[in-house]
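Values in this document were obtained by computation on a predicted structure and should not be read as measured data. Note that ligands are numbered from 1 as they come in the structure, with each ligand's atoms numbered from 1 the same way. Quick note: numbers below take in every heavy atom, side chains included, and nothing from hydrogens, waters or symmetry partners.
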Amino acid sequence: MPASVVKGGKAGFARHYVGGITGASKSQIQTLIQRKGLITAAAERPGPSPLDIPVTGRIAGVPWRDALDFNEAADLMRHLGTAAFIVCSYLTGMRPGEVLGMRTGCCPDPEPNAEGKVGRHVIRSHEFKTATDECGNHQSAGVEREVPWVAIAPVVHAIRVLERMVPGDALLFDHDAHDLHNLRSGTGSLKRSTIRDRIEDFVAWANAEAAARHLDSEVIPPDPRGKVGTERFRRSLAWHIARRPNGLVALAIQYGHMRTALASEGYASRSRGGIHELIDVETVRAVADTVADLHDDLEAGGGVSGPAARRAIKAAAAAPRFAGTVITATTARRLIANEDAMIFDNPHALLLCHHRRAQALCHRDGIKDTPSLDHCVPGCGNIVRTDQHARQLRDRAEVLDKRAVHTPQPVAERLRANATKLRSFADHHDRARITLQEAAE
Ligand code: SF4
């Protein structure tokens with residue numbers, strides 16, 4: 001018997017569900033309940049209230065539900081709204097208030113230009129923190145951001161989902177549409193405190209789903225710094241763009257697109273205090289870690305090779321320049337402009353990049369102030385390799401050789417050729433490496 005939880009936590013007849021799927025009126029349902037004794041029947045034999053909605057989502061390759069249940073729909077819609085908020089915050093660099101200020105139609109599909117080329121999706125919306133009038137007074141209603149935010153595919157999908165959840169010409173987080181449980185008066189978006197609570201609920205829900213499927217690796221661990229909140233997404237995005245996480249290739253590509261897209265907004269947009277400043281700060285933090293590691297490595301007798309090896313040794317000797325420096329947007333910009341100081345880790349290419357603009361071979365997409373690590377070109381004059389890179393090159397070569405054994409001939413040959421190339425880089429390092437002492441002689 002289709003049942004819903006009623007007052008006192010008991011199972012009752014799912015009258016709204018049955019009315020919804022049959023089109024019967026309230027009084028017709030009431031008559032039926034009385035005539036057939038459905039309240040008692042539902043309490044004795046409570047069953048699901050499946051919705052006639054195809055289940056297409058999969059978790060670990062398996063449909064995530066047999067059917068969506070009417071009783072779960074409001075909770076799922078709430079989590080869906082939260083997930084859309086997370087995607088938009090995390091992958092655009094917008095501030096929480098700016099995400100909550102988006103309206104339907106803010107991210108139209110781009111029209112092809114005269115040459116038939118279709119550009120990027122962009123979000124036109126309001127910014128609040130830096131909104132001032134011509135006299136410098138803060139405008140609490142916000143102003144439309146002069147430079148739109150770039151939206152990569154997952155963000156566009158999230159916005160399209162939100163547009164289906166709210167009425168036309170409404171805020172995408174309109175509280176009336178998103179507050180199915182706690183209807184409150186007034187207009188406007190969900191509050192930031194509400195979103196903060198919903199993110200915690202979302203984490204709990206996602207963990208329950210993972211636990212139910214024994215997917216321990218998908219469990220979101222408790223955060224030692226407390227609640228996730230709404231502010232951290234921008235900083236995390238900047239962190240990822242600056243450091244390019246190794247291994248998560250799809251994610252790295254996504255962030256790579258973001259860096260390119262953000263950079264194409266132009267250097268001048270930094271002055272508006274956008275995500276660029278955060279990226280600068282995180283870039284310099286990542287460089288500081290890289291330089292400190294290289295410094296320790298050389299002090300311990302390690303060697304470096306590559307056209308920029310001697311420059312890198314000098315830069316590592318000056319590692320203390322980062323120590324104790326509070327990295328603000330201003331110091332970050334100053335350090336990024338100092339070519340002698342900037343050594344970037346490039347774990348994908350297994351090298352360090354002591355970046356000098358004039359020598360960089362990767363500047364195909366117009367980024368001038370930092371290297372395009374995902375377009376690293378072998379033979380560039382900025383390359384530095386350490387003993388650890390040589391070891392990693394040989395490890396990677398071994399993996400490729402093993403993979404080649406189980407791969408059809410043409411692909412296997414390519415894998416073996418790559419392995420040979422990686423070993424030749426490692427051998428070259430062993431022959432050409434210089435240590436701190438040798439560099440000083
Ligand atoms: S090609 Fe590679 S080493 Fe050269 S500047 Fe670009 S990222 Fe650095």
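When each of Lys314, Arg311, Arg356 is paired with Asp340, the salt bridge (charged side-chain N to carboxylate O under 4.0 Å, His left out) condition holds for Arg356 and for no other.
Atom 6 (Fe) of ligand 1 has no N, O or S atom of His355 inside 2.8 Å of it. Taking backbone and side chain together, Cys376 holds an N, O or S atom under 2.8 Å from atom 2 (Fe) of ligand 1. For atom 8 (Fe) of ligand 1, the set of nearby N, O or S atoms under 2.8 Å includes one belonging to Cys353.
Phe70 and Tyr17 have tilted rings, their planes meeting at an angle from 30° to 60° on a 0 to 90° scale.
At a threshold of 4.0 Å, the pair Asp387-Arg433 counts as salt-bridged, since one of the basic side-chain nitrogens sits closer than that to a carboxylate oxygen.
Counting protein heavy atoms only, atom 5 (S) of ligand 1 is closest to Asn382 ND2, 3.3 Å. When hydrogens are left out, the protein atom nearest atom 1 (S) of ligand 1 is Val377 N, 3.3 Å; that is the closest non-hydrogen contact. The closest protein non-hydrogen atom to atom 4 (Fe) of ligand 1 is Cys380 SG, 2.2 Å. Here the heavy atom of the protein found nearest to atom 6 (Fe) of ligand 1 is Cys362 SG, 2.2 Å.
For the pair Arg385 and Phe425, the cation-pi criterion (under 6.0 Å, within 45° of the ring axis) is fulfilled.
Put simply, the side chain of Thr104 gets close to the backbone of Asp169: a donor and an acceptor are under 3.5 Å apart. Side chain of Ser372 to main chain of His375: no donor-acceptor pair is present (N/O by atom type, distance under 3.5 Å, no hydrogens or angles).
If you number the atoms of ligand 1 from 1 as listed, the ones under 4.0 Å from a heavy atom of Ile383 come out as 3 (S). Annotation for ligand 1: atoms under 4.0 Å from non-hydrogen atoms of Ala360 are 5 (S).
Two residues are said to be in side-chain contact when any heavy atoms from C-beta on lie closer than 4.5 Å; Asp280 and Val284 fail this criterion.
Contacts of Pro371 with ligand 1, taken as heavy-atom pairs under 4.0 Å, involve the side chain alone.
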